[in-house]
Amino acid sequence: MGRHKTLPDTEVFAALRRLLVQGGDKAVAFSSVAQATGLAAPTLAQRYGTREAMVRAALLDGWKVLAKATERAAEGAPPTAKGATQILKALGAGHAEEIALLVSEFRDPALREPALAWRQALLTAVGARMGGGSKGQEAAALVFAAWQGQLMWQKAGGPGIRVKDVVKHLA
């Protein structure tokens, strides 16, 4: 791959997150990100300073990407329990691996803050479709927990819980 003179941060961050998803923390170095993006490793070092700063910036960007995807999913979902399922299905289909990556980094307070904001936005969107009010928010919290558990354990195999069944039961 030929070297690019410039590449937007968002593209660098997406490539870095793919490396993290595929190979874990040890898969990310200036050299591996350089290979994945076509940028020179010294360019990345100059742009981000340290490997840790580059990873942190990529994870923060991941929360922004996920927040936008959540907004889009909520905008297109009807105000019904089926709409709640549609939101979670859309996020799970397009972002499951990235969600698992992002939620694994709660030790850093700077990463915890956007995580909590995303969770609240998702609970609000799902809760509104589960009847609204405190009962809708309670149902949303239960659905969210079931959905997160499913995302976390689906790679292990075996029968998983069907979130739409949880939603149907709670609606």
Side-chain angles (χ1 to χ4, degrees), residues 9-28 32-33 36 55-171:
D9 284 339
T10 55
E11 290 183 38
V12 174
F13 296 155
L16 191 148
R17 289 191 305 272
R18 279 191 301 276
L19 289 171
L20 284 169
V21 164
Q22 293 167 356
D25 195 51
K26 294 187 187 285
V28 175
S32 62
V33 176
V55 169
R56 180 190 234 196
L59 294 174
L60 285 169
D61 181 68
W63 284 115
K64 289 178 188 172
V65 169
L66 188 56
K68 287 179 186 172
T70 303
E71 286 175 22
R72 282 191 306 275
E75 286 171 0
T80 63
K82 188 173 182 176
T85 303
Q86 286 178 358
I87 294 169
L88 298 173
K89 187 175 181 181
L91 292 174
H95 301 277
E97 290 181 332
E98 196 153 329
I99 291 169
L101 167 68
L102 293 171
V103 299
S104 70
E105 294 295 329
F106 287 151
R107 294 171 298 212
D108 183 343
L111 294 170
R112 201 170 28 247
E113 186 177 320
L116 292 172
W118 169 74
R119 180 179 184 265
Q120 187 55 54
L122 183 56
L123 288 175
T124 299
V126 171
R129 287 158 180 82
M130 297 294 293
S134 62
K135 190 168 182 165
Q137 288 304 301
E138 273 183 43
L142 292 170
V143 169
F144 179 82
W147 177 68
Q148 285 286 278
Q150 178 190 25
L151 289 180
M152 186 173 77
W153 287 100
Q154 71 187 12
K155 281 191 171 187
I161 189 167
R162 290 174 27 149
V163 174
K164 75 177 186 176
D165 291 340
V166 173
V167 170
K168 194 183 297 182
H169 179 74
L170 294 171

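Hydrogens, waters and symmetry mates are skipped; everything else that's a heavy atom, side chains included, is used. What you are looking at is a predicted structure, and each value in this text was computed from that prediction instead of being measured.
Judged as a side chain to side chain contact (heavy atoms under 4.5 Å, CB included), and not counting sequence neighbours, the contacts of Lys82 are Thr80, Gln86. Here Thr10 pairs with Pro8, Asp61 under the side chain to side chain contact (heavy atoms under 4.5 Å, CB included) rule; sequence neighbours left out. Listed by chain and number, the residues in a side chain to side chain donor-acceptor pair (under 3.5 Å) with Asp165 are Arg162 (sequence neighbours excluded). Remark: Ala93 pairs with no residue by the side chain to side chain contact (heavy atoms under 4.5 Å, CB included) rule, at least two apart or across chains. Legend: residues meeting side chain to side chain donor-acceptor pair (under 3.5 Å) with Arg119, ordered by chain and number and at least two apart, are absent. With sequence neighbours left out, Thr124 forms a side chain to side chain donor-acceptor pair (under 3.5 Å) with Gln120. Applying the side chain to side chain contact (heavy atoms under 4.5 Å, CB included) test to Asp25 and every residue at least two apart in sequence or in another chain returns Leu20, Arg51. Listed by chain and number, the residues in a side chain to side chain donor-acceptor pair (under 3.5 Å) with Glu113 amount to none (sequence neighbours excluded).
In this structure a side-chain-to-backbone donor-acceptor pair under 3.5 Å is present from Ser32 to Ala27.
Scanning all heavy atoms of the two residues, the minimum distance from Arg129 to Pro79 falls at CG-CA, 3.8 Å. Taking all atoms of both residues into account, the shortest heavy-atom contact from Ala58 to Leu16 is CB-CD2, 3.6 Å. Ala73 and Ala90 make their closest contact through CB-CB, 4.0 Å (heavy atoms, listed as atom of the first residue, atom of the second, distance).
Among residues at least two apart or in separate chains, there is no ring-ring contact (aromatic ring centres under 6.0 Å, His included) pair with a member in residues 67-108. Applying the ring-ring contact (aromatic ring centres under 6.0 Å, His included) test to pairs two or more places apart or on separate chains, those with a residue in residues 63-87 are Trp63-Trp118. For residues 92-104, the pairs satisfying salt bridge (charged side-chain N to carboxylate O under 4.0 Å, His left out) are Arg17-Glu98, Glu97-Lys155, with sequence neighbours left out.
With rounding to the nearest 0.5 angstrom, the NZ atom of Lys26 is 15.5 Å from the CG atom of Leu19. Interatomic distance, NZ of Lys89 versus CD1 of Ile87, reported as 13.5 Å (0.5 Å rounding).
In this structure, Leu59 and Leu101 have side chains that are in contact, with non-hydrogen atoms separated by less than 4.5 Å.
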Residues 136-151 side chain polar contacts: donor-acceptor under 3.5 Å, at least two apart:
from	atom 1	to	atom 2	distance (Å)
Gln137	NE2	Leu123	O	3.4
Trp147	NE1	Leu88	O	3.3
Gln150	NE2	Ile161	O	3.2

Q.
Under the criterion side chain to side chain contact (heavy atoms under 4.5 Å, CB included), I'd like the reasoning laid out for Leu91 against Leu66: C-alpha separation, chi angles, the key distance, then a yes or no.
A. CA-CA 8 Å; Leu91 292 174; Leu66 188 56; 4.2 Å; yes

